[in-house]
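Presented below is the structure to which this report refers.
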4 protein chains.
Amino acid sequence: MKKTALSEPADTTSRRGRPRSERARLAILQAAADLLLDQGGGQVSMDAVADRAGVSKATIYRWWPSRERLALDALLEWLSAGSPPRDTGTLRGDLLALVRPWVRDARRRQFGRVIAALIAEAQSDPGFAADYRRHFIEQRREPMQAAFARAIDRGEVPADLDIEVALDLVYGAIYHRILQGHAPLTDRFAQQVVDLLLNGILHRDRARGT
Amino acid sequence: MKKTALSEPADTTSRRGRPRSERARLAILQAAADLLLDQGGGQVSMDAVADRAGVSKATIYRWWPSRERLALDALLEWLSAGSPPRDTGTLRGDLLALVRPWVRDARRRQFGRVIAALIAEAQSDPGFAADYRRHFIEQRREPMQAAFARAIDRGEVPADLDIEVALDLVYGAIYHRILQGHAPLTDRFAQQVVDLLLNGILHRDRARGT
Amino acid sequence: MKKTALSEPADTTSRRGRPRSERARLAILQAAADLLLDQGGGQVSMDAVADRAGVSKATIYRWWPSRERLALDALLEWLSAGSPPRDTGTLRGDLLALVRPWVRDARRRQFGRVIAALIAEAQSDPGFAADYRRHFIEQRREPMQAAFARAIDRGEVPADLDIEVALDLVYGAIYHRILQGHAPLTDRFAQQVVDLLLNGILHRDRARGT
Amino acid sequence: MKKTALSEPADTTSRRGRPRSERARLAILQAAADLLLDQGGGQVSMDAVADRAGVSKATIYRWWPSRERLALDALLEWLSAGSPPRDTGTLRGDLLALVRPWVRDARRRQFGRVIAALIAEAQSDPGFAADYRRHFIEQRREPMQAAFARAIDRGEVPADLDIEVALDLVYGAIYHRILQGHAPLTDRFAQQVVDLLLNGILHRDRARGT
DNA sequence: TCGTAACCGAGACGGTACGTCTGGTCTTTTT
DNA sequence: AAAAAGACCAGACGTACCGTCTCGGTTACGA
């Protein structure tokens, strides 16, 4: 299913009048995505999108309520080839399978800028925050929650583990590097994060390597 | 050390000309901090600050190159009562001593908005990003790095621990909750993060491979 | 012909998009004219005009490139009730018919200030100078040139008269009093100027009345 | 006597304290004159003069009350080599002797701009207007008034001639060309103005050459 | 001789206005 | 009905000067 977009006008079962131009819709999303990933979040002005898409500003505002909503939609369209979650048999395998593609996406062009702009907007627009969390955050947390649940079923981890906290450690660390940029975001880093979370950092009673 | 501000005129040993008005400086920082923490990052317009501080825009621009630099400076001034790092004797104690005050600061009024706005700006202004990291990120990482180093000295954790990754797990998790707002940021959460990092999440009882 | 204004959008045969608001145009010109003639040329700040007209500055700048262009346009609108040139049958009558209304206009409120400000601006803005001359200077010179031409046809003055110089004597004297203000600008003065120009100041050999 | 300047501090008979720096005074006047005649009247900002003269703004304001006063003073200093009025024996000779040097001065670099700016300022500053007229206008009218008086004594022109109007015709025409710039200001023009004024433009009974 | 009054440089300060830009809305004509 | 065009209001942006002020340092008179 392609259209998870936010631009649906409520219900659209009534079919009166001129139908919506698919050409315009795609041009707008494409222009927005280009601007997002080339110039960064701050450059997605409605004027710029309208200009680049050959579309009038009013047309954009008819379907998207704000710049950020459009940016989110464009980004979702662009990311939509999401990896289907896999069951590798071990928690470590599952986590790496989930984390690595995300790390690779996040390393792209101006991804940090885009995410940062979305987060910033989410701080002051509750409506947008809800959409953002649902489409961006929860969508990635859910498969990882399932992986943890499977690990509990397998007896790999204690049943009283607070899964939410564990998720925050994994995604938090990755987001931290994306946003703060104090150190590079590598595959090796992703692996280190997973291993540190699984094993902890304290010495064990008996010799146990990382 | 009090004045870590960004508005210092280099060195100022030459004392020619009218001296800078401390009154104006404080009024500006206060006004900026108020606006930041009351309305959120996006409301710190230069006009608003100038108006509220009873100061001319030109005076602000003489000392701060941009809105964001001013916001950062105001925030640093506001946070300046930093807790001096303590040595509690255990890594767990040290981490909690560092993390808890930060969590409490971060829970305040519109802190998330402010941080988010600063991060967003740092994405596209390298000069600002450098200042932001130096004054905001590194300043908090350093005492925690020292805590980890002490733990290694004590033999509490393996000497080959990658401290940077450990830091990212702790601060990343906290920042994640600050910014994404998907779950509350409590003292209990801070403790869970520390314990999970220290002990890992895997069962300990029996022999366990990686 | 009413609209000699400078704010015409070239040709505008294409009628796409929202049409220009005549209400805004008139409000701007009225506000500018009021400020011009009440406070004098220097007080026509764009902010003041925008404020008084209840219009955004951007709207003004869309149609007028500069404060001075706007001032000129407002003044032309205000003066537009121009006297149609008359043929009185004698050069003296024609000149007086042309000069007297101009003298009366020029005696109004802060006319000198306004003209002086326009002239000052014309010195350093060639584009504005062209408009200024075309709409302000030439518009008044042309009917007087015609009057002189008719006088030559009638044999009233020599055919080799340099009309331009004669015009400069008449209008120069009037402008001089407007701008320098060293003596009052009266109807009597206008008549003296005309008579002096017509008869010269040297004694005539034999009796010749004024 | 060289110093007709406006910057005299009242009376200055008390000679206490540091005497005024002649070096600074000259640097300021020179800088102002340079800016006036190179860039035109509008560019004589106090900051620019202070900068170019290597002097503090406060020093300028201590001796000159405003930008325009300084500009006038600088210009007078620059023009000071005034031609002493001559008696050539005929009115025509006297007028040409007075008008020609003035025309040559006026043709220089940015003279029009400078005069226009002074006139514009004089419209709204009565104090400045008085100085301007005294030093600029009257200074040039007086010798011409004397020339006309001599012509009346000689019986060259009627005793009831209104000299002020005659002066306005001559100077008005020249100023008109300086300020409006609709036609060049040549020596020939000056001569035409004088001759037209002397002889009038109407046909005479008998042949009389220009 | 030496205090002191006036000067000078530097430059920060509160202001005003500039001209530009973007966001979001509104009003037409065209499809 | 929807799209395209584009005018509109609102208001922040960063800059340039204004004229005032507070300094510290420097003359050169006059007690």
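In what follows, chains are A, B, ... by sequence order, proteins preceding strands, each numbered from 1. Bear in mind the structure is a predicted one, so any value in this text is a computation, not a measurement. Basis for what follows: all heavy atoms, side chains included, without hydrogens, waters or symmetry-related copies.
A residue-by-residue look at B/Pro19 and D/Tyr61 shows that D/Tyr61 has its nearest nucleotide of DNA chain F further toward the 5' end. When each of D/Ala48 and B/Val44 is assigned the nucleotide of DNA chain F bearing its nearest heavy atom, the one mapping closer to the 5' terminus is B/Val44. Residues D/Ala24 and A/Ser66 each lie close to DNA chain E; by heavy-atom proximity, the contact nearer the 5' end of the strand is made by D/Ala24.
With rounding to whole Å, D/Trp64 atom CH2 is found 13 Å from E/dC7 atom P. Atom-to-atom, CG of B/Asp47 to C1' of E/dA17 comes out at 13 Å; the value is rounded to the nearest Å. For the pair D/Leu70 CG and F/dC17 P, the interatomic distance rounds to 15 Å; values are reported in whole Å. Between the CZ atom of B/Arg16 and the C1' atom of E/dG9 there is a distance of 4 Å, rounded to whole Å. If you measure from atom CD of A/Glu68 to atom C1' of E/dG23, you get 11 Å, rounded to the nearest angstrom.
Nucleic acid contact class of B/Arg67 (heavy atoms, under 4.0 Å, all strands): sugar-phosphate only.
Under the rule for a side-chain hydrogen bond (donor to acceptor under 3.5 Å, both in side chains), the partners of C/Gln110 that lie at least two apart in sequence or sit in another chain are C/Arg113. In this view, D/Ala33 and D/Ala74 satisfy the side chain to side chain contact (heavy atoms under 4.5 Å, CB included) rule, not counting sequence neighbours.
Less than 4.0 Å separates DNA chain E from at least one heavy atom of each of the following residues of residues 51-60 of chain C: C/Lys57, C/Ala58.
Because its NZ or CZ atom is both nearer than 6.0 Å to the ring centre of D/Trp63 and within 45° of the ring axis, D/Arg20 counts as a cation-pi partner of that residue.
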If you look only at distance, which donor and acceptor atoms sit under 3.5 Å apart when one is on a side chain in residues 48-60 of chain C and the other is two or more places apart or in another chain?
from, atom 1, to, atom 2, distance (Å)
C/Arg52, NH1, C/Asp34, OD2, 3.0
C/Ser56, OG, C/Ala58, N, 3.0

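Distance CG/D/Leu72 to OH/D/Tyr132: 9.0 Å, rounded to 0.5 Å.
Taking only side-chain nitrogens and oxygens, C/Arg62 comes nearer than 4.0 Å to OP1 or OP2 of F/dA7. Contact annotation: A/Trp63 side-chain N/O to F/dA2 OP1/OP2 distance is not under 4.0 Å. Within the structure, every side-chain polar atom (N or O) of C/Arg18 is placed at least 4.0 Å from both OP1 and OP2 of E/dT28.
B/Glu68 has its side chain out of reach of B/Val44: every pair of non-hydrogen atoms, C-beta onward, lies at least 4.5 Å apart.
Under 4.0 Å is where a charged nitrogen must lie from a carboxylate oxygen, and between A/Arg25 and A/Glu77 at least one such pair does.
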